[in-house]
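Worth saying up front: this structure is predicted, and the values here are computed from it rather than measured.
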Amino acid sequence: MRVLLIHSDYIKYKVKNKTPIAEEIDEAKKDGFFEESLIVFTAVEKEDEKNPELIIKNLVEEVKKTNNQVKAENIILYPYAHLSSSLSSPKIAIKILKGVETAINEEGNDVFRVPFGWYKSFEISCKGHPLSELSRTITADEIEEDNSESLKSDWYILNDSKLSETSEFDYNGSNLEKLVYHELGEGESDGGEPPHVKLMREKEICDYELASDIGNLKWYPKGRIIRDLLADYVYDLVSNQGAMPIETPIFYDLDNDSIREHAAKFGERQYRTDTKKNLMLRFACCFGAFRVMEESFLTWRNLPAKLYELSTYSFRFEKRGEVVGLKRLRGFTMPDMHSFCTDLDQSLEEFEKQVDMCIQTGIDLNVDYEIIFRATKDFYDKYKEWMYKIAKKINKPLLFEILPERKHYWTCKIDFAAIDYLGRPIENPTVQIDVESGKRFNITYLGEDEKEHHPVILHCSPTGSVERVICSLLEKTAIELEDKAPMLPTWLSPIQARVLTVGEKHVEYGKELVEKLSSQNIRADLDDRDESVGKKIRNASTEWIPYIFVVGDNEIESNKFQVTVRETGEKIDMNIDELIEKLNYDNKNMPFRKLTLPQNISKRINFQ
RNA sequence: GCCUUAGUGGCUCAGCUGGUAGAGCGCUACCUUGGUAAGGUAGAAGUCGGGGGUUCGAAUCCCCCCUAAGGCUCCA
């Protein structure tokens, strides 16, 4: 069905001659005048005959949506055959129009249906604001999506190759229980603000930017270096797996069929722009990677081939009430690796390696994950044993979902979630088997059989979004607050060691030490301010600095310092070389970047 | 997006039934020349989220909007 919506000051019509298909009408309907109206010009098409009910439903939805915005007093249904060259039979058309009239009426709106099948004169005054002229194509294809949404999954706990009912499993107070309750929608929330929101601002990591859209953050130098280090970390990780880094645009053209189809799954979450071209901001790196491979010449010898991109940024138009701190954003940074595999068997092998990689990130970042393993019924029936084998790697019970049929592009998927202070999951790493996109994006490779095939594609984010990683780390400090002083891992700490001077005459010596630390790839700084030692120590601890020590006359004399180690709370006597050794041990095998702030605290900006 | 609550110097907050603003931290200056979680004194800094309304008079009452938190819903 083709529709033209006009928001008008008034419309006036008068019937003239009958056509052979004219409906019988009362005298009263032979002319009409309506002010403040939303006029819905409609052409019912052949295609619509298959499912008139759904067409009615979808049109009513569309009219309601538009009228919620323009708030017209009347809705006028105006049959207008000229919008289409493939018209339905008049009988169906009248049936649909009457159905729409009734439905809108039932919604409590004033609706008037202009007679069908007559030649009419009409006069209309279009208001001319941006929403006053809209054209729409109403289709019946939403029904499939609606249906599949409502098909229920089966949920189990998988432990030791055994499936148990989620309600019967003995969780023993573990985090898995929290995940299950939340995932199955039974979770009662204690409420309260997630601690990371306060922390991210207090520690000058990042903050809301009110001059942007909601869910788009600004990052201070301390936050920026944490982001960069995490990015370096993932880069190293995927490079070791043989992934090739690429960079692709953040805007995509919705007039491209494959992009539109892929994006359609995203519905209202699309972040759109108001430009001439019909552009959408990417919600992940998929489009970019697929386009690179679509245009590449691939043979079976090239596969599996992996492309990696850190999407700074990806965008999702999350609903206003869902956007929170670092947990749910509209603009976020997603490490995204796509593996192009010859067939499902090859993708299973890769999947396994990538699960190992996800597990490794939990170890490296010291974050505990709970796991949800999902598959369609078909996949599960065929690859049950393989799935159990993967689950064994996790080495603890996990939540298991079996979907009755494929709803999205994947057939099998594993999600790793950290649990926040309030017991709610933060979805982080994921691996997914995509069996649709190869075809949709026309990605082909030349097989060993000398024929063209579509690859199976794995989507993998080994850590989940950078923002959510930081979120998990901050939430963890709040969870552990009773047992240990809050801090980030040393390798991620924006400042790793601080030298505090007792008096002005110790500044030069302190500076030498800081230089020495810096030359050994340690982010060190100097509190050279004219403040009491007590105050400097207090400041250093509010900044979560892993190693601090004071230098005064005694230290200049002995070249030894009492270093306060935040992690353990110990005070250890050591010289500078011993401290360097300890820090280098903490940072071992982890990325390093230089200090992002002035070395002297007296020169530092207070960003808040 | 819906419901509830909130928005006061850079930060954290006080300000009763309407009479046009306060504290602590931070910042600046001076004093102190220091020894392991806040040394002292003084000063600067606010269109009370924005817009409209009621009133002689609005941070305070009413309406609309923006932003945040919580809940609902949702998350490839």
Side-chain angles (χ1 to χ4, degrees), chain A residues 65 68 149 182-183 185 187-195 197-198 201-202 204 207-215 262-270 282-286 314 316-325 327-330 332 334 336 372 374 403 406-411 413 415 417 422 424-427 430-434 436-437 457 459 461 464-465 468 485 498 500-507 527 529-543 545 548-556 561-564 566 569 571 602 604-608:
Chain A
K65 212 169 100 193
N68 278 342
E149 291 290 337
H182 191 277
E183 192 67 23
E188 78 244 27
S189 241
D190 311 341
E193 182 178 339
V197 177
K198 206 176 156 195
R201 310 174 71 180
E202 206 174 279
E204 290 194 338
D207 202 350
Y208 299 118
E209 175 50 73
L210 303 185
S212 178
D213 189 17
I214 57 167
H262 192 77
K265 310 228 167 197
F266 220 58
E268 292 185 353
R269 286 180 153 30
Q270 291 176 20
R282 67 175 172 195
F283 49 82
C285 298
C286 309
S314 282
R316 299 183 187 186
F317 200 70
E318 304 290 3
K319 281 189 263 177
R320 166 171 282 286
E322 293 162 356
V323 175
V324 188
K327 194 168 179 178
R328 196 83 168 266
L329 291 159
R330 282 190 175 171
F332 59 95
M334 184 79 145
D336 210 348
I372 315 177
R374 315 173 199 259
L403 294 91
R406 195 163 81 229
K407 195 154 95 173
H408 303 295
Y409 51 72
W410 50 266
T411 53
K413 169 177 194 266
D415 291 314
L422 297 165
R424 295 178 291 213
I426 309 168
E427 280 167 32
T430 180
V431 189
Q432 306 163 4
I433 304 177
D434 177 355
E436 283 186 5
S437 299
I457 301 168
H459 301 241
S461 186
S465 80
R468 282 191 176 171
R498 173 166 295 172
L500 317 182
T501 57
V502 174
E504 225 172 284
K505 61 183 178 206
H506 311 118
V507 168
D527 195 340
R529 293 173 305 167
D530 183 18
E531 295 288 353
S532 69
V533 171
K535 188 164 182 172
K536 290 181 180 183
I537 288 170
R538 187 176 180 280
N539 280 161
S541 81
T542 61
E543 289 187 68
I545 298 170
I548 63 173
F549 62 94
V550 176
V551 295
D553 292 340
N554 301 342
E555 285 74 15
I556 293 180
F561 325 99
Q562 192 185 56
V563 178
T564 304
R566 187 169 179 80
K571 293 179 198 297
S602 59
R604 209 160 276 180
I605 295 170
N606 192 343
F607 285 102
Q608 285 195 320

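Taking atom OH of A/Y208 as the reference point, atom P of B/G7 lies 17 Å away to the nearest angstrom. Atom NZ of A/K198 is separated from atom C1' of B/C13 by 11 Å (rounded to the nearest Å). As a whole-Å value, the separation of A/D527 CG from B/A38 C1' is 13 Å. Atom CZ in A/R424 sits about 11 Å away from atom C1' in B/A69, given to the nearest Å. For the pair A/D530 CG and B/U32 C1', the computed distance is 8 Å after rounding to whole Å. As rounded to whole Å, 12 Å separates atom C1' of B/G71 from atom CD of A/E322. Atom CZ in A/R320 sits roughly 11 Å away from atom P in B/C65 (whole-Å rounding). Rounded to an integer number of Å, the gap from CD of A/Q432 to C1' of B/C75 is 12 Å.
For the P atoms, the distance linking B/U4 with B/C64 amounts to 12 Å, nearest Å. Rounded to a whole angstrom, the distance from the C1' atom of B/U36 to that of B/C27 is 25 Å.
The side chain to side chain contact (heavy atoms under 4.5 Å, CB included) test with A/S532 is passed by exactly one of A/K536, A/K535, A/R529: A/K535.
Around CD of A/E504, the count of heavy atoms belonging to other residues, nucleotides or ligands within 6.0 Å does not exceed 12.
Among the nucleotides B/G71, B/G35, B/U33, the one closest to any side-chain atom of A/E504 is B/U33.
If you check B/C2 for Watson-Crick or wobble pairing at under 3.5 angstrom, you find it paired to B/G71. The base-pairing partner of B/C25, taking Watson-Crick or G-U wobble contacts with both distances under 3.5 Å, is B/G10.
Between the base of B/G35 and the side chain of A/D553 there is no donor-acceptor pair shorter than 3.5 Å. At a cut-off of 3.5 angstrom, counting only N and O atoms as typed in the model, there is a donor on one side and an acceptor on the other between the side-chain of A/S541 and the base of B/A37. One N or O donor and one acceptor, one from the side chain of A/R269 and one from the base of B/C74, sit under 3.5 Å apart.
For the residue pair A/N539 and A/R498, no side-chain donor N or O sits within less than 3.5 Å of a side-chain acceptor on the partner. A donor-acceptor pair shorter than 3.5 Å cannot be found between the side chains of A/D336 and A/S461.
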What nitrogen or oxygen pairs link the protein and nucleotides 24-30 of chain B at under 3.5 Å?
unit_1	atom_1	unit_2	atom_2	d
B/G26	OP1	A/K535	NZ	3.0
B/G26	O2'	A/N606	ND2	2.8

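If A/R374 and A/G321 are placed on RNA chain B by their nearest nucleotide, the residue sitting closer to the 5' end is A/G321.
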